[in-house]
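Since the structure comes first, as structure tokens, the remarks are kept for the end.
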Protein chains: 2
Amino acid sequence: MSVTIKDVAKATGVSPSTVSRVIADNPRISPETKKRVRKAMKSLGYYPNVNARNLVGKSTKTIGVIMPSSADKALQNPFFPEILRGIGSYTHKLQYSLFLSTGETEEETFDEVQRMVYGSYVDGVILLYSRANDRLTQFLREREFPFVIVGKPYEHMNEITHVDNDNFAAGKEITEHLIELGHEKIAFIGGSRELFVTTDRQSGYESAMMDAKLNLPENYKFHAEFLKSGGREAVEHLFSLDNPPTGLVISDDLMSFGVLSMLEEFGLSVPREVSVVSFNNVYLSEIIRPALTTVDVQIHTLGAQSAKALIEKTINKSEPAKRIMIPHTIVYRDSASELKRKPLK
Amino acid sequence: MSVTIKDVAKATGVSPSTVSRVIADNPRISPETKKRVRKAMKSLGYYPNVNARNLVGKSTKTIGVIMPSSADKALQNPFFPEILRGIGSYTHKLQYSLFLSTGETEEETFDEVQRMVYGSYVDGVILLYSRANDRLTQFLREREFPFVIVGKPYEHMNEITHVDNDNFAAGKEITEHLIELGHEKIAFIGGSRELFVTTDRQSGYESAMMDAKLNLPENYKFHAEFLKSGGREAVEHLFSLDNPPTGLVISDDLMSFGVLSMLEEFGLSVPREVSVVSFNNVYLSEIIRPALTTVDVQIHTLGAQSAKALIEKTINKSEPAKRIMIPHTIVYRDSASELKRKPLK
DNA sequence: CTGTTAGCGCGTTCAA
DNA sequence: TTGAACGCGCTAACAG
């Protein structure tokens, strides 16, 4: 079948354990033997069998990645492939592998994670979502199984390592940008209120508005299912107001796409008549016209850092829980511009 | 540490091998013992250790999924999360797991796949791309390692199991739709010519045009990097022609987004002045305005079927290579409409 | 510096 | 119908 450590041993005339030591680069092996063994490994095409290795060792050098259960259409968000790439970029360097779980339902996902954990498939897991009262989170905590969350945990925030952006600050800054451009009537369109991303960004928006002493009517805050046809409802609602906004802060690029199209349908020109800013900076944001002014949250880095934090944790179980903040930057493009005031009569 | 087969044996007062047989649901074990053993397994919280199992058995019940190396920005295409879901939906049912490889470069990807194959991490792999002269494909063929390709292989098409759409037919049908709407000047905008998806869809377009005896000037065919700023170039090129098209067949939804925005910038109204149709039917196509008339290629099914085909192959090595065609349907939305002819003078 | 031995958790003979 | 013994490929003592 496959070439094993024994074959290499035989071919080199040493014992299997010596070969094993060479693999581990044990310093107590003569450079010369190492060389010979390595040569044999190469010529025979030897590759270690992970299963055997995992069986004896304590580490599988594999981490599990849990996607949100896909009832959630949000899954089609380009955010996910991108964060996977980020995770992969780090794990690859360390020769770690990735185990993926996509479940249709919460139930399915839970199943898979149980297998991963109990079956010792993986050393730790990364949760790509954060939900209130999440069974999975609780399960992992109880088992004291290493995991990190991308985003902000709902409970036990100080006991769970998580990688996140400062969404409050981001929300504040991007809103301030609109204010600096002269906007005063600025509305917020957000996804599900159940998500911290939404509420944090919204709080930032509110804070900026209040600091600038701007009016903050309740009906300037609109929530819809993450993207979905939410764009339509939002626009219909906001622009039938007596006092429609001239600026829009939208909590997710994808949702902005929906809003942008609606705006166009309504005959509202962006950015001439209304300015739009949002969050994430997915690739499409620069493809779309007008190109989106948006907060770059560094999705790729979010992924890489979560992998890093998790691996550290699996290696050193006593590594304390921490919160890792990934800096954001604003990318200025064409969807927001200075408010053209109507010329005074 | 973890509870093993031995613990269960001890608790039940049987031998480890009996427990093993119960797990395998061996018919030669008395129903009664089975019951007792199962009860103990449950109460002790027993879960089989995969590594031990894989080590002895021949199957890992795990399949590897290879994403295109991500130098390719195409990776942000929502196509990928969706196909992953499709794969997952099938593997989950059979209690299979997913191993993921995202490499930045072809080199990295090749590394990872080598590990997967030689290290016996997986029973087989699914390639989510198809490139000419692909090292990986060749490697897998040489090793006779089970794999399937989503899309159309470049070589040895009859020896490689692949799951694909009939892109020629799809291209033809969607073009015919435009023709039925009265369009005669129809251009094609495609991604990389290196991809079969592109060329097949294009051939379908050409065939429809020829059947309808319509003019097919060379400069009606435009290629650009999959999405990228290709939209701009395409529109600039096509609409500065003496005889600009009124209909556009675009080989990928994402690219359509770019084109749509460009069209808007050029002051060309869709579908009033120009009709647009494309392929894939990613979720965003219905969010965007105008909502895209596009070919639904059933991404999810593409994934599920590739998993199915692969698993069959890993179970029965002599399963013949086959081509699996996933049917497509056209989703009629708002981006294409009847050509309004200029009133005769 | 290197070889020998034992054992990781499980499936599979071969006996009983 | 069940148990005992062996081995999958590898690492980790313990010797030497």
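Naming: A, B, ... by sequence-line order, numbering from 1 per chain.
- Scanning both residues, A:D123 and A:T314, for their nearest heavy atoms gives O-CG2, 3.4 Å.
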Item to check | Derivation and outcome, side-chain hydrogen bond (donor to acceptor under 3.5 Å, both in side chains), residues A:T60 and A:N54 | outcome: CA-CA 5 Å; A:T60 64; A:N54 292 348; 5.2 Å; no
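- In this structure, B:S20 reaches the C:dG11 phosphate: one of its side-chain N or O atoms is under 4.0 Å from OP1 or OP2.
- The nearest whole Å value for the distance from the OH atom in B:Y121 to the P atom in D:dG9 is 16 Å.
- Distances from the side chain of A:L55 to the nucleotides C:dC8, C:dG3, D:dT2 place C:dC8 closest.
- Side-chain nitrogen and oxygen atoms of B:R53 include at least one within less than 4.0 Å of the OP1 or OP2 phosphate oxygen of C:dG11.
- Salt bridge annotation for A:R141-A:E159: present, with a cationic side-chain nitrogen under 4.0 angstrom from a carboxylate oxygen.
- More than 12 heavy atoms of other residues, nucleotides or ligands lie within 6.0 Å of NZ in A:K61, so this atom counts as buried by the packing criterion.
- One N or O donor and one acceptor, one from the side chain of A:S17 and one from the base of C:dT4, sit under 3.5 Å apart.
- Atom pair A:N26:CG and D:dA13:P shows a separation of 12 Å (rounding to whole Å applied).
- Here the side chains of B:T4 and B:D7 are in contact, with some heavy-atom distance below 4.5 Å.
- A close approach under 4.0 Å does not occur between any side-chain nitrogen or oxygen of A:S2 and OP1 or OP2 of D:dG9.
- For A:R28, whose side chain is taken as the heavy atoms from C-beta onward, the closest listed nucleotide among C:dC1, D:dC10, C:dC10 is C:dC1.
- In this entry the distance linking CG of A:N49 with P of D:dG7 reads 18 Å, nearest Å.
- Within the 4.0 angstrom heavy-atom criterion, only backbone atoms of the sugar-phosphate kind lie near B:V14; the bases stay farther away.
- Summarising the geometry, the separation between CG on A:L44 and P on D:dG9 is reported as 14 Å, rounded to the nearest angstrom.
- Ring planes of A:F110 and A:F139: perpendicular class, angle over 60° (limits at 30 and 60°).
- Rounding to whole angstrom units, CG of residue A:N54 and C1' of C:dC10 are separated by 15 Å.
- With D:dG9, C:dC10, C:dC1 as the choices, the nucleotide that has an atom nearest any side-chain atom of A:V56 turns out to be D:dG9.
- Nucleic acid contact class of B:P16 (heavy atoms, under 4.0 Å, all strands): none.
- In this entry the distance linking CD1 of B:I5 with P of D:dG3 reads 12 Å, nearest Å.
- Here the P atom of nucleotide C:dT12 and the CG atom of B:D25 are 14 Å apart, to the nearest Å.
- If A:Y47 and B:I29 are placed on DNA chain D by their nearest nucleotide, the residue sitting closer to the 5' end is B:I29.
- The side chain of A:S15 lies closest to C:dG3, out of C:dC1, C:dG3, D:dG9.
- Distances were taken from every side-chain heavy atom of B:Y46 (C-beta onward) to each of C:dT2, C:dC10, D:dC10; the shortest belongs to C:dC10.
- Side-chain proximity of A:R21 to the nucleotides C:dG7, D:dC14, D:dT2 is greatest for D:dC14.
- Protein atom NZ of A:K6 is 13 Å distant from nucleotide atom P of C:dT4, rounded to whole Å.
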